[in-house]
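So that the names make sense, note that chain A is the first sequence line, chain B the second, and so on, each numbered from 1.
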2 protein chains.
Amino acid sequence: MDPGTNVLDLSQLRRSCSSCALSELCLPAGIGNDDLERLDTAVRDKRTLDRGGMLYRDGDPFEALYVVRSGSLKTFVLDDSGDVQILGFHLPGEIIGFDALASNQHVSQAEALERSSICELPYARLQQVTSEVPALHRQLMRVISREVIEEHRHLVMMGRQQAQEQLAIFLKSLADRYQRLQRDSTALTLSMSRYDIANYLGLVVETVSRLFSRLEEMGVLEVNRKSVRICRPDLLAELCRSSGVPASKRRDAG
Amino acid sequence: MDPGTNVLDLSQLRRSCSSCALSELCLPAGIGNDDLERLDTAVRDKRTLDRGGMLYRDGDPFEALYVVRSGSLKTFVLDDSGDVQILGFHLPGEIIGFDALASNQHVSQAEALERSSICELPYARLQQVTSEVPALHRQLMRVISREVIEEHRHLVMMGRQQAQEQLAIFLKSLADRYQRLQRDSTALTLSMSRYDIANYLGLVVETVSRLFSRLEEMGVLEVNRKSVRICRPDLLAELCRSSGVPASKRRDAG
DNA sequence: CGCTTCGTTGAACAGCTTCAAACCTTGTGG
DNA sequence: CCACAAGGTTTGAAGCTGTTCAACGAAGCG
């Protein structure tokens, strides 16, 4: 999408957590210089994926965790009948692959939504480094839990009935992550298809399409195919709670 | 509910993974006798919770993981407006509390659905023991991933639109877990309220109630308040896939 | 340029929700 | 022990949201 980030100088980026712009959003966050060098030893050569390229598939042996360096991916599971459920979309600085931590093989799949580059962290080496660097271990745990919390958020979102609120939350989540990346959080580029968004939210394409149109009519967004401009972030934030959960679905604490 | 399991001989159960009937479903699975004794040293005194009692709350400091020994619990998150989303129901042998692994404080809550007894695994001690017993570490990881996979299942379920299918999947999941516990998997005792079930599935109470009635009319179930008899497990299994995802929500691999 | 896939829009339909009321259970106090 | 209150559960009827089916326009790709 953005030519500036697509043309990566790979040689410069190789093995250089220290010099990586994502450093503060990624595993190195809060790690001292000495330890950072050790982390670098755990990072294998980067991989580049084209749109549609698979990072890992269901059943693949667990070899590494992966950090999105540029581009974006989606993760999803297939049920018995081959239906897809998208679990999440992943932007630079986000780590994926935890699903295989235990059974030693992946139980989900990760696919690039656009040309993306990935940092590979072979688990064996990573484990060794984390055992030597407690701060890194804590940081890794923090990242794992961020993942779990994100899944809870996804569940909460799908538990709500109002489709418009779901889409608002989805867009706001993207905007927030754009901000962390120091991108313009009012100018989103949706690398995923409408089908993907619909699946992620538990809706059908038509509904998502109509919702985009409705939000545009309301003056909240300006939608042009894959690029979404958030004209009224305040209104969008409002929509995330306001329309709210129907009274009968509410269930206050206790 | 069942007087035989409610009247626990606590003194006999204290610190005795070795003698625990849940052993094969729980952390000790596949652990040798020597190592089992060391695991026992990581188990603090058991706790008993009455119906409605909280095991941990949002924001509580992370101190331990918990194994359900008898009874059952629900875990849930509260969103900003105080709305509940139930994440799961937990039967004996299941481990909860992972949500706090990273931020060092819980980001969800756990509440007993009936009188329940809990094994407490203080994390500091557990960590020490797992570092000494690799098999235990692997087993713990396996259990964590079971949790992640279960959440994926929950997402897949909520992504489907057909309420009847969701309820069928929910009941089948309970039945399967009953079987693992060597209970009669055709005679379920629903310790959670209809409100809880509805919330878990993203529906309203009335819909759940009607679905129970419908499944009864269909001859699949016999429902009597909290006790559900599965008359036709085959039909129930059928309902879990058959009605299926509407074509427009399907999205085959790729 | 034709093909395919993606995205949008319209109209009818279905399923779940909403609102309302009744029933049953449980617990409390007279 | 019974009356009463409170909450959980069930059932009915109406309304609304999202789905389904269908058609068309736009973009990407051989």
Side-chain angles (χ1 to χ4, degrees), chain A residues 1 50-52 74 113-115 157-168 189-217 221-228 239 243-252 254, chain B residues 1 50-52 74 83-84 113-114 157-168 189-217 221-228 239 243-254:
Chain A
M1 303 282 112
D50 283 326
R51 180 166 192 278
K74 65 177 172 185
L113 292 166
E114 58 191 311
R115 189 169 179 78
M157 189 168 63
M158 288 187 59
R160 296 167 184 268
Q161 140 199 256
Q162 299 291 16
Q164 180 177 286
E165 186 179 356
Q166 287 188 61
L167 184 61
T189 301
L190 305 179
S191 54
M192 69 293 292
S193 71
R194 300 286 194 262
Y195 283 92
D196 285 339
I197 298 175
N199 181 292
Y200 177 74
L201 298 176
L203 303 169
V204 293
V205 207
E206 294 95 325
T207 305
V208 170
S209 184
R210 271 183 256 272
L211 286 173
F212 271 117
S213 304
R214 197 199 294 175
L215 289 179
E216 200 165 16
E217 282 168 26
L221 307 176
E222 263 175 31
V223 185
N224 193 301
R225 205 161 162 67
K226 296 221 165 282
S227 65
V228 170
L239 292 173
S243 64
V245 182
S248 41
K249 269 191 189 176
R250 303 187 74 138
R251 194 92 174 100
D252 39 37
Chain B
M1 303 282 110
D50 282 327
R51 182 168 190 276
K74 64 176 172 186
D83 295 330
V84 168
L113 292 167
E114 59 190 310
M157 189 169 62
M158 288 187 57
R160 297 166 184 269
Q161 142 196 258
Q162 299 291 18
Q164 180 177 288
E165 186 180 353
Q166 287 188 62
L167 185 62
T189 301
L190 305 179
S191 54
M192 69 295 290
S193 71
R194 302 283 137 106
Y195 282 93
D196 285 339
I197 299 175
N199 181 292
Y200 177 75
L201 298 177
L203 304 168
V204 293
V205 207
E206 295 93 325
T207 305
V208 171
S209 184
R210 271 183 257 273
L211 287 173
F212 272 117
S213 304
R214 196 198 297 174
L215 290 179
E216 201 165 16
E217 282 168 27
L221 308 176
E222 263 175 32
V223 184
N224 193 300
R225 203 164 163 64
K226 297 220 163 283
S227 65
V228 171
L239 292 174
S243 65
V245 183
S248 42
K249 271 192 189 174
R250 304 187 75 139
R251 195 91 176 102
D252 39 37

Checklist outcome for this item: Between the OG atom in B:S191 and the CD atom in B:E114, the distance rounded to the nearest 0.5 Å is 4.5 Å
Checklist outcome for this item: Side-chain contact check for A:V205: nearest option of C:dC6, D:dG18, C:dT8 is C:dT8
Checklist entry - Can you find a heavy atom in the side chain of A:Q164 that is under 4.5 Å from one in the side chain of A:L239? => result yes
Checklist entry - Less than 3.5 Å between a donor and an acceptor, one on the side chain of A:R210 and one on the base of C:dG10, is that the case here? => result yes
Item to check | Whole-Å distance separating the CD1 atom of B:I197 from the C1' atom of D:dT9 | outcome: 11 Å
Checklist entry - Is the phosphate of D:dT10, meaning OP1 or OP2, less than 4.0 Å from a side-chain N or O of B:S209? => result yes
Checklist entry - Just how far, in rounded Å, is C1' of D:dT19 from CD of B:Q162? => result 10 Å
Checklist outcome for this item: From CZ of B:R214 across to P of D:dG12 the rounded distance in Å is 13 Å
Checklist entry - Which listed nucleotide (D:dG18, D:dT10, C:dT8) is nearest to the side chain of A:S213? => result C:dT8
Item to check | Separation of atom CG in B:L215 from atom P in D:dT11, rounded to whole Å | outcome: 13 Å
Between the protein and nucleotides 22-30 of chain D, which nitrogen or oxygen pairs come in under 3.5 angstrom?
none

Checklist entry - Any idea which of C:dC16, C:dT8, D:dT9 is nearest the A:R194 side chain? => result C:dT8
Next on the checklist: Can you identify which nucleotide, out of C:dC16, D:dT19, D:dT9, has its nearest atom closest to the B:Q161 side chain?
Outcome noted: D:dT19
Next on the checklist: Measuring to OP1 and OP2 of C:dG7, would you say a side-chain N or O of A:K226 lies under 4.0 angstrom away?
Outcome noted: yes
Item to check | Whole angstrom value for the distance that separates C1' of D:dT19 from CG of A:L211 | outcome: 13 Å
Checklist entry - Expressed in angstrom and rounded to an integer, what is the separation of A:Y195 atom OH from C:dT5 atom P? => result 10 Å
Checklist entry - Separation of A:R160 atom CZ from C:dC16 atom C1', in whole Å? => result 18 Å
Next on the checklist: How many whole angstroms separate atom CG of B:L203 from atom P of C:dG15?
Outcome noted: 14 Å
Checklist outcome for this item: Given the options B:M157, B:M158, B:K74, B:Y200 meets side-chain contact (heavy atoms from CB on, under 4.5 Å) only with B:M157
Checklist entry - Do A:I197 and A:F212 have side-chain heavy atoms sitting under 4.5 Å apart? => result yes
Next on the checklist: For B:E216, give me all partners under side-chain contact (heavy atoms from CB on, under 4.5 Å), at least two apart in sequence or on another chain.
Outcome noted: B:V223
Next on the checklist: Looking only at side-chain N and O atoms, does B:R160 offer a donor or acceptor that is under 3.5 Å from a partner on B:Q166?
Outcome noted: no
Next on the checklist: Could you tell me if the side chain of B:L167 sits less than 4.5 Å from the side chain of B:T207, heavy atoms only?
Outcome noted: no
